[in-house]
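Structure first, commentary second.
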Amino acid sequence: MVPLRYTFPCILAAVALVQASTLWGVAPEQQPLYSPHSDGQWECLDKSKKIPFTAINDDYCDCPDGSDEPGTSACPNGLFYCHNEGHIPAYIKSYAVNDGVCDDACCDGSDETSGLISCPNRCKSFAAEYAREQAVLHKIHSAGISAKRKLIQEAQETVKHWQEEKAGLEDELAIKRAELSRQEDAMKYSSKKSSSKKAKCPPCNVATLKDHIQTLEDEIDTLVTILKDMKRDHNHNFHDMAVKAAIAGYDDFIDGYDELKADIDNDLLKYKEIESDQSTFANYEDDSEEADQEIEQEQDTPEQAVSFVQTALQKIANVIPPDWRGLIPLEKAENNDSVNNRGSALEAAKKAHSQVNDEIQQAERKLNTINDDLSKDYGEHYEWLKLKDVCVEKNEGE
Amino acid sequence: MKWGQRCLSRLHVLITIGLVFALMTATTLAMKKDDFKTCSQSGFCRRNRAYADMVSEKGSSFQSPYTLVADSVRTEAPSHITADIKNIDTNIFLTLDVYLLQDNTARVRVNEKQPIKPRYDDHSQYTLQGEPVLRQTSDDLTQVETSPEGVVTIVMKDDNTSRKIVMHPHPFRVEFLVNDTPLISLNDRGLFNFEHLRTKESHKPTMIRQDQEGDEESSSVEEKEAPWESGSWEESFKTWTDPKPNGPESIAMDITFHDFGHVYGIPEHASSLSLKETRGGDNAYTDPYRLYNTDVFEYALDSPTSLYGAVPLMVAHRVGQSAGVFWMNPSETWIDIVKSKSEQQSSVQKVLSFGKKSQGKISTQTHWISEAGVIDLFVFFGPSTKDVLRQYTKLTGTPMLPQQFSLGYHQCRWNYINQKDVLEVDSQFDEHDMPYDVIWLDIEYTDDRKYFTWENSKFPEPIKMEQVLDSKGRKLVVIIDPHIKRADKYRICEEAKKDGLFVKKPDGDDYEAWCWPGQSSWVDFNSPEARTWWKEQFKFNKFIGTQENVHIWNDMNEPSIFNGPEITMQKEMIHYGNWEHRVLHNLYSLLSFASTADGVRERTSVEQRPFVLSRGFYAGAQRYGAIWTGDNMANWEALYYSNPMSLTNGMGGIVFTGADVPGFFNNPTSELLVRWYQAAVYQPFFRGHAHIDTKRREPYLVPEPYRSMTLAALRERYALLPYWYTLFYDASREGTPMMRPMFMEFPEDESLFATEDQFMVGSGIMVKPVTVEGATETDVYFTGDQPWYDALTHAPVKLTGRHTVSAPLGKIPAYYRGGHIVPRRERIRRSSHSMKLDPFTLVIALDQQGHSKGTLYVDDGETFDYGTGAYIHTQFSYSNGALTCESIHTDAESKAAKQYAKEMEVLRIERVHILGVSKKPSAIHVEIDGTKKESLAFEYDSTHAKISIKDPKTSIAKCGWKISVE
């Protein structure tokens, strides 16, 4: 070890020397606080205690607030003032005094006097660096201000536009709603004239769909087995992130899957019951033009079957990972019911009604969106509006 | 601003995935037990257990086939007696060597007299510090007598104690006695078994008789190979087949500890401090304790399964006597433990008429089974546990005195991702006024897990990073593992390949398997050339990007091999000297650890004490650095086990030990984190570590009020560093662990013999870490007839026996022990480096007589200069109202001692607390060198019965002062 000359007594000497004028570790404006009472006592700055004036900076902590040791590391909660001539003065925490570290905040090196380390005065170079940084900062700041101004201007235009659109939509809605109510009256009239008929069987092959479900279930089971084996047999020590993610996904999936599968199987079973029930009194229309032979043979209730298949598929879709969803035909089966000629007036009214209804809904949606947008907090002058719908992602650490 | 809807839902998904992942890890974690062998799956263990069963079935009709050959006993030297042993069943001769060693130690060696090839016996040069020193002896102190019946008695007399070693010839049996009371016996139960080397052709398996079934005419019985004989020449486990070219070669011995109800040691296991029974009995394990270094993923607690390290040292203790046995063998070893009432078992008790009546006392019977090598065991006569550990460390070396910084807090994580991350964590500690000394880098700092390289994109300027740390006196520890990636243009691999420094396959090619880097080979640390080469790699011009404040972490050195049997190396692989891995498996950890520590020490011209942390270890590892208890879990059970595991490591000489704080796997709750930091204040090695899947949990990240509590714990650790360092120094001289079981300090209190949740730090502080969730109080057992003092309030504890004490989350139940002085440094600092010149606070806990004593050791904390005398060792004494000090330096007048003391004269005492003072003193004076008496300011706290003296300005380096309380 390099022999060091530790100069603890020097601190006291230094302190004694400067005591008359300035107290070590105390800012100039604080100096007046450090003067003795006539009895040679001094009161801690928090007024908690009176101590001899000589106990200030004696490298022993007397005051609970640490105010008696501004120039040493004796108190756990004190602050040390560095003059940093030529740069900006600063306070450092007491623990950084004489700890063998040249703190950047104390560029004059005044915090290290024990001999544990020698700290050169770096204030000049720090000041120059600081000035450079300030210049850069100022530039960034100005650029920022003008950018902000622009953002606010743009945002206010956007908001104004939204407000105009909102007013327009509100007017439009009032008109459409009136129209809708007229059509409803017309419809009520028409409906008295025609009696509705039960919707017909859609052109769907239930057996095929059932097969599909079975196939999909089998395929999922195969995948589940593969994943289950992988989870059981993989080598933990390898710590392969892809494997771990796959296991996490599997656990997530398997949680709901058994229940879901039971649901589907149950539905399938129920469907079979319905099927057998209804086979005894088939009562669907036999003049259906596009009725599928197979369905007829199987004495099916297609609507029920289709909706059941859809429900099952929908359920599967809900639990499988998003990436797999494309594999399942989720589109609602098109209702290809042939247009019923009977009661065409009613149909026309219905059609018109539904059209207006659609328009109203569309306008309402638009209005809601605008209201939503307007109700959000974009800052005092809408300066953050630019970030609407902008997704920022940043990986920090892990 | 508000997030757009899309962003929100995306965030939500991320959180959900995180939660699911956390749940997944919580529910699926468990040790894969079937990855590791049970005794019945390990051929030699199975055979020897079957032998033990056979012996016990036959009862008194059984007689061990080993006999001492008449007239073969010779006294080679006054402390070395030899003899031959014959197995009368096989007619195989063995050699017996009994050595009497210094400090009441005996060594017993048994080898084959004429083996068909040498048995492995090459490890003592690595395990032992040097050749064991024989007992200095003269005729009247040591006598060897042979009775007409052939009983050989060796008598050793010291002071008022007579120690005897008695060897009985038929069957061969050895007894160790103290004052004619049996202490330890070998082959007391007849389980001694020495499988001689043989060829497959000459192998005669043990046959057992089996009644012929369904053949009534023939009343004869047929002999059949005993079922436990299978696997003698080839053995399968899971998908691996061990070819076992040498066939059976195991050695086994039963060792009885007479009248000892408790045995300790044989780390490393996640088990109780007082070892459990393994063959029936209450709460017994079904398998023996196993010593076979392995990387057990998420190891089970309360289990005799082997873990990362192995020290075959067992210590026994009873009131008035401790003793120990060191079974020096680095091959796979199993130890069965049975406890029995004395009158039922011991043949010694029956034979010796002069033996003290000890009816109803419990004896511990152990059965040691090793796969290969020779029998080479040491018996330590004690008489105290501290004596046993001193005797053991005289052989295997005392713990090294580590650098001061390594006693501080270490911050590790798998992984700090880049240079910026490292420095960010570093500055966060400062911002939160939290002290720490070392930041660590796990495997990801390397380029593709090629050790001795850096991932340049993440760590473009490692030296610059290290310099920033160094400016605050802090260190960096980086990981270096013994597996070397098989890669082209990777210097380390190419050199080792070229010079044949890797472990080989039986066919002579380099052994290759999987570890972190993928396809790898393992450095053959059994090769002197490989060790020399390895040491070189730590030179700053080889390991580019490191400088003096960089130290090393050896992980995976069991060795851990991902696709090997039991996650380690196949036993048939070949090391230097043409030895199978089988014969030296546990030694591999020690050799890699030793080579690394030597390399780090030798990389500088003025040698610095190396700091190396190793996961694998074997007997003697204490000479090289620190050990941690491996990949534990962040749960309350693991926190509990960190105490008995660290205590047990200490009982195996591995004193610089600790557990990952606050658990490696999983995310700890804030409460668990606080309690774990509190416990670790009092455990020797204090490192926060975390698995890569866990959330960041540096102590400044926990929310209030937990953060302040963690901060308080860290500060308490730093305040206690002078005490810790003094204890480390004591350990480096005597082998006494810093963290001690209660019974080590209170050997007469039987109710403490199994205590493992409460322990001593040195002889002056007692701790009861809280390891129960939600606890606001805990039971503490206050033993002895001297007072205890609350470490926080300093108030005397007026209790004896077991009591419930208040222990809210912010409180660590720790107590100063009456009669002991604890030196502290109470200035708040960033790191231990900054405390070098800080003044001391003495806590003087008075005993009932108003006395107290304590020591303080100080040196430069870095180099080996203390070896030449550059240190301060001071003893403080308080009696009759006066505090004085004296140097207990072994050579205080040496030049180095004087110079260092002068340099350090500025080290002063700034505060003295005297605990247990019932009356306010009228005045306190200090006298320096017998001249001028100065009055000292002080405060008296009548509620806590303590005096606090302000700044006596007395030096710890220059005694000759006196502080008087009047």
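The sequence lines fix the lettering, A, B, ..., with proteins before strands; numbering per chain opens at 1.
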ask   = Around atom CD of A/Gln153, are there more than 12 heavy atoms of other residues, nucleotides or ligands at under 6.0 Å?
value = no

Among B/Arg830, B/Glu910, B/Lys472, the residue with the most heavy-atom pairs under 4.5 Å to chain A is B/Arg830

Atom CD of residue position A/Glu129 - does it have more than 12 heavy atoms of other residues, nucleotides or ligands inside 6.0 Å?
yes

Review point. Hey, is CD on A/Glu133 packed in by over 12 heavy atoms from elsewhere, all under 6.0 Å?
Key: yes

Chain B shares the most heavy-atom pairs under 4.5 Å, among A/Gly100, A/Pro76, A/Ser73, with A/Ser73

Sequence neighbours excluded, the answer for salt bridge (Lys or Arg N to Asp or Glu O under 4.0 Å) partners of B/Asp838 is B/Arg829

Between A/Asp58 and B/Lys950, the two heavy atoms sitting closest are OD2-NZ, 3.2 Å

So, the part of A/Asp372 with a heavy atom under 4.5 Å from chain B: the answer is neither

Here the gap from B/Ser471 atom OG to A/Ile117 atom CD1, rounded to the nearest 0.5 Å, amounts to 8.0 Å

Open item on the list: Taking atom CD as the centre, does A/Gln156 end up with more than 12 heavy-atom neighbours from other residues, nucleotides or ligands that are less than 6.0 angstrom away?
Closed with: yes

What one should report as the nearest heavy-atom pair of A/Lys93 and B/Asp433 is NZ-OD1, 2.8 Å

Note to self: Is it true that, when you exclude A/Lys366 itself, more than 12 heavy atoms of the residues, nucleotides or ligands shown sit nearer than 6.0 Å to its NZ?
What the structure shows: no

Rounding to 0.5 Å, atoms NZ (B/Lys836) and CG (A/Asn98) come to a distance of 14.5 Å

- Message: Using a strict threshold of under 4.0 Å (side-chain N to carboxylate O), is an ion pair present between A/Glu69 and B/Arg827?
- Response: no

dist A/Leu116:CG -> B/Met835:CE (nearest 0.5 Å) comes out at 12.5 Å

Pair count under 4.5 Å, heavy atoms only, with chain A: among B/His833, B/Gln608, B/Arg911, highest is B/Arg911

**B/Trp514 atom CH2, neighbour heavy-atom count above 12 within 6.0 Å** = no

Applying a strict 4.5 Å limit to non-hydrogen atoms, the region of B/Ile567 in contact with chain A is side chain

Within the supplied structure, the quantity of interest is the number of heavy atoms (other residues, nucleotides, ligands) at a distance under 6.0 Å from B/Lys238 NZ; does it exceed 12?
yes

Tightest non-hydrogen contact, residues B/Leu837 and A/Ser114, listed as CD1-OG, 3.9 Å

The interface call for B/Lys32 against chain A, heavy-atom contacts under 4.5 Å, is side chain

Whatever's closer than 4.5 Å to a heavy atom in chain B on A/Asp62 counts as side chain

Applying disulfide (SG to SG under 2.5 Å) to A/Cys106 and not counting sequence neighbours gives A/Cys82

